[in-house]
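Indexing begins at 1, ligand by ligand and atom by atom, following the structure's order.
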Amino acid sequence: MRAGRLEEFSEKPKVVVAGNRHCAVARLGGSVYAFESLCPHAKWPLGFIGRIFLNREGRPMLLCAMHGGVWDLVSGEGTVEGKPAPPIRRYPVEVVDGDVHVRL
Ligand code: FES
């Protein structure tokens, strides 16, 4: 599905909807990430309380502010309060002429 223009996205996830499917999309510079829109820990909406950032190793991470959960957006692995959390579901993203497309 077409999610929007590249410049519409930031480190704060934005929920995009196509029919009965939805995901969250966020961008760091020219890199765009799509993932499930509800936190894998306790299903809080990442469009309100999520944020993505690069960790010290330069890996893109998602932070959920509700309980401080952190997920690696490359591997999908996450932790909450230092303990393993359910992985986050991620979706392939393609940017074509500034349009962001997500394969749900
Ligand atoms: S709901 Fe996101 S870390 Fe708990």
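The minimum heavy-atom distance between A34 and V25, with the atom names listed, is CB-CG2, 4.3 Å. The two residues M1 and A18 make their nearest non-hydrogen contact at SD-CB, 3.1 Å.
At least one N, O or S atom of H41, from either the backbone or the side chain, sits less than 2.8 Å from atom 4 (Fe) of ligand 1.
Per residue H67, closest N, O or S atom to atom 4 (Fe) of ligand 1: atom name ND1.
Taken together through direct or relayed side-chain contacts under 4.5 Å among Ile, Leu, Val, Met, Phe, Trp and Tyr, V16 and V95 form part of one hydrophobic cluster. A chain of hydrophobic side-chain contacts below 4.5 Å, direct or via other Ile, Leu, Val, Met, Phe, Trp or Tyr residues, connects I88 to L28. Both V93 and L104 sit in one connected hydrophobic cluster of ILVMFWY residues. Membership requires side-chain heavy atoms under 4.5 Å apart, directly or through other members.
Listed by number with element, the atoms of ligand 1 under 4.0 angstrom from any heavy atom of G69 are 3 (S). In the vicinity of C64, heavy-atom distances shorter than 4.0 Å reach the ligand 1 atoms 1 (S), 2 (Fe), 3 (S).
When non-hydrogen atoms are compared, ligand 1 lies under 4.0 Å from the side chain of C39 (C-beta onward) but not from its backbone.
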